[in-house]
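Given the structure is predicted, the values throughout are model-derived calculations rather than measurements. All residue numbers refer to positions in the sequence shown, counting from 1.
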Amino acid sequence: MTTYTYTPPSPGYGKSWFDPLIWSTGTVPNASDADVFINTITNIGTGEVQNSGINIAAGSSVTVNSLFVENNAVFLLGSLTAGDLTLGGGGSISMSEGAALAAGDITVTGGAIIAAGTLGADNVVLADGGAMTAGQGGVVATFDTLTLNDGSLGGGAYGNLSLTTDPGAFSNLVNGVLDGGTYNATDFGLSSDTTGVQPGDPQGILLNVGGGNITSLLADVSLQGNASIYSFDTTSNSYVDMTTTLQEIQQEGSLTLSNGSFEFGALDIDGALNLTGSVLVSSSSIHISDTGVVGGLGVINGPVDNDGVINVGMPGGFSPSSLSIQGPLTGDGVIHIFGRDHFTYGSGYTLNIAGASSNDVIFDDSRATLIIGDPDSFTGTLTPYAGTADGTLAGNVVLKDVNFSSATASYLGSATGGTLTVNDGTSVVTLQLSGNFNNSSFALSEGRTFSSDPPTTKIVINYVCFVTGTLIRTDRGDVAVEELAVGDRVMTASGALQPVTWIGQRTLTGIADAAQAAAWPVRVKAGAFGTNRPDRDLLLSAGHAVCVDVMGEMFVPVGRLVNGGTIARVPMDTVTYWHVELDQHDVLLSNNLPSESYLDVGNRAWFSGLGTDLPDAAAQDSGRYARPFVDNGPIVEAIRLRLAEQARRIGWADTSDMDVHLVVDGVRVDGDMDGDLARFIFPATAREVVLRSHCFVPAHADIEGDQRALGICLTGLTLSDGLRAERTVTIDHAMFDSQHALEQGGGRQWRWTKGAMRLDPALWDGLRSHVILRLDMLASSGRRWVAPVQQEDMSMPASNVVALRA
């Protein structure tokens, strides 16, 4: 036997197997007695691994006794025959369409075979994360035996992984139980001429291995789109989709369904069923046992008997934003509605229960929403979100067919829970709640989106109020709000002095996540309303009204004036809210900006966590305000235009530049921009590539506009290596489902990003050396504010905060 070791003058891609200079012997290994080692090569100076790619060209043939590859790649375009083949961590063989690989024993431990063409072996073991995935055009693989010891199989994205073994020789499928390993059947929606799969053909992983049709899972399986796992049925002489035969997900098994419609018979879930992207799951019946978990987003069509846990939004991702259960929901289980990713600033996740339900619902996010389609048949207990140290409870409940225009609500309970009764004059709905509430904890509004929708009533369980660190003008100068006391005399905007009659205080903690954005203060930059108005950065709650002179002085909630620049929400983990009450409602000077004093509209008890009285109508009479109160319409729009002009005067600039760039394996990569096109170049070895940009919110320019945080508007992308390979990815590709919903008009389709989008490395598998990425975009009117470069930072420390309207 002769040993050959890969010892190139310098590592890198594009090496030829037939170059003698890269081998230790100075000769090319191509003989039945050759033992070949392509080991890890490290940079002596830095200790970093240096990868290489060694090509076996099309039309050429290599024969060796054994081949070991670690932290390097062999690109097989021709044929390779090996007595034994071992792939260690980071080692791979990437086969091109038409390639051929034959071996005695194949062991993949932490490495990968990207298989295309034909593949044959006696015994194959995939262990410790070792993977076999179908490459371009798919692969026909024939083995005597196949074993997955924590290994994985993948197919469908670029072609089928078609596996044949001796009958019963696939040890992971016995008597219909798929046991151990990971299986990924992925449909990326690429055209049939790149996958070799025609519409209607089985797509994904095809198992002709014996062991029966798949009826039970003890493995981790992912199915996307039209792809699935198929077992060959000798009776019908055809492949059978596992979704038509599956009956059980065992306790240690999991099934993930993505971006497609999936239909099952009766399904028992003792393990995990995960839904991601746009998913429709239909079943004659689903039973979730006390060990079972269903999580994610999409639609479940059919009766669900839940004795376990349903998690809404986990592990779902961005889009869609809801889980809808269309059939009756029975059992003693519980449902959690979780929060959204930090790139999302809109509403939280939504659970839509169309029919009767006995499950308890827990709100794990202040913006979480429960839509109850049949309120009379809902018997579960609701536990609103209590994410702050002081126990503040929050959430949203929509009652369908309950008319808001005539609805009233009343609450009766103790410190641990009680009953909320909603009466619209026609129907009476009772909801059981867990937690300490009073009548003022609940506000009713209209929950429907369009006037043509059936009547609905939305119940908002929430909090409002003031903050710490703001300087209030008094007869002894400017005093921090937390240092004021009852009896102190404060100066109003008219110059009069009024005594402080009451001070309220409450601290919210643990609100840094975007799910708590409703509790974040609004920052008003120094000079945002004019010279020294305010004279330093001011933090207010969104509901706190400032006094603006436009055709006379009037109060406007500062949250209605947010522009994303000089007036913007700022995340904080801890905020102490205050409010100062005078003998009568008036205008205070806070950091020299006119703003309102406290007006009791029935929420005084919020500051102490007590109180049971529903606010009376007189307390909400606009006549009690010291100035006219407006929160929408042409006056507010005029104020917003005036604030934009003031922002420019103090050095702020609005720009359409969203700073589009990539982050490639942790390193920023800038590209070339030309109108609606952008081009980036990065190494084909990259594994983590994220498209990033700034975001803008249309509502910051138009108060009635879109509330979404929008990045760039994509219509598609193209990847190539500048040689022969080029791939076009359309905007309806599943990868884009993590971004905003697909939109269309004028014969075009597009998606807005959310400021960050991870690109799937499978998109550039097989590309050589470098990837050239071209983004196709739509010219947009999106603009964002940019602060003056040398602006002095007069903002308060994060531990200080200002007064919010309770």
Side-chain angles (χ1 to χ4, degrees), residues 464-508 521-549 552-559 561 567 570 572 574-601 603-604 606-608 624-629 792-806:
V464 288
C465 77
F466 221 169
V467 195
T468 303
T470 301
L471 298 178
I472 304 297
R473 188 74 46 83
T474 74
D475 60 353
R476 53 192 174 95
D478 288 347
V479 177
V481 65
E482 67 272 21
E483 297 177 4
L484 289 175
V486 173
D488 283 345
R489 296 195 305 167
V490 301
M491 182 176 295
T492 66
S494 65
L497 294 174
Q498 277 206 53
V500 175
T501 60
W502 176 79
I503 297 176
Q505 171 194 355
R506 190 165 182 177
T507 298
L508 305 180
V522 172
R523 182 210 62 213
V524 181
K525 294 296 288 184
F529 283 81
T531 304
N532 293 325
R533 291 290 178 96
D535 56 10
R536 66 187 64 199
D537 287 6
L538 174 65
L539 296 172
L540 299 166
S541 70
H544 193 87
V546 295
C547 185
V548 183
D549 190 351
E553 292 183 345
M554 55 192 63
F555 282 132
V556 183
V558 72
L561 302 178
I567 304 176
V570 289
M572 286 189 176
T574 300
V575 175
T576 300
Y577 289 111
W578 301 77
H579 233 311
V580 178
E581 186 177 28
L582 310 178
D583 277 337
Q584 60 185 13
H585 192 235
D586 212 324
V587 182
L588 300 173
L589 292 175
S590 51
N591 289 6
N592 202 43
L593 181 71
S595 61
E596 66 171 332
S597 65
Y598 175 68
L599 177 64
D600 186 3
V601 291
N603 49 19
R604 188 189 303 274
W606 183 86
F607 290 97
S608 61
R624 297 181 64 227
Y625 284 97
R627 304 287 189 276
F629 186 92
E792 180 182 0
D793 185 3
M794 300 179 65
S795 60
M796 297 180 184
S799 60
N800 291 335
V801 236
V802 189
L804 303 192
R805 181 173 181 274

Evaluate the criterion side-chain contact (heavy atoms from CB on, under 4.5 Å) for residue pair Val522 and His544; output intermediate values, then yes/no. CA-CA 9 Å; Val522 172; His544 193 87; over 6 Å; no

Report the C-alpha distance between Ile567 and Phe529 in whole Å, list the side-chain angles of each, state the deciding distance to 0.1 Å, and finish with yes or no for side-chain contact (heavy atoms from CB on, under 4.5 Å). CA-CA 10 Å; Ile567 304 176; Phe529 283 81; 3.9 Å; yes

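Shown here for Lys525 and Asp537, the closest heavy-atom pair between the two residues is NZ-OD2, 2.9 Å. Residues Val481 and Ile472 approach most closely at CB-CG1, 4.1 Å, considering heavy atoms. The heavy-atom pair separating Asp586 from Phe555 by the smallest distance is O-CZ, 4.1 Å. Here the closest non-hydrogen pair linking Ser590 and Ser595 is OG-OG, 2.8 Å.
Rounded to the nearest 0.5 Å, atoms CD (Glu483) and CG (Asp488) are 10.0 Å apart. Atom CD of residue Gln498 and atom OG1 of residue Thr492 lie 6.5 Å apart, to the nearest 0.5 angstrom. Asp478 CG to Met491 CE: the interatomic distance, rounded to the nearest 0.5 Å, is 9.5 Å. Expressed to the nearest 0.5 Å, how far CZ of Arg473 lies from CG of Leu589 amounts to 5.0 Å.
Screening Val524, Val548, Leu538, Leu593 for a side chain to side chain contact (heavy atoms under 4.5 Å, CB included) involving Val558 leaves a single residue, Val524.
For the pair Asn591 (side chain) and Leu471 (backbone), a donor-acceptor distance under 3.5 Å is present. Here the side chain of Glu553 pairs no donor or acceptor atom with the backbone of Arg627 at under 3.5 angstrom. Looking only at distances, no side-chain donor or acceptor of Ser597 sits under 3.5 Å from a matching main-chain atom of Leu588.
Aromatic pair His585/Phe629: centroids not less than 6.0 angstrom apart.
Residues Val587 and Ser494 are not in side-chain contact: their nearest non-hydrogen atoms beyond the backbone lie 4.5 Å or more apart.
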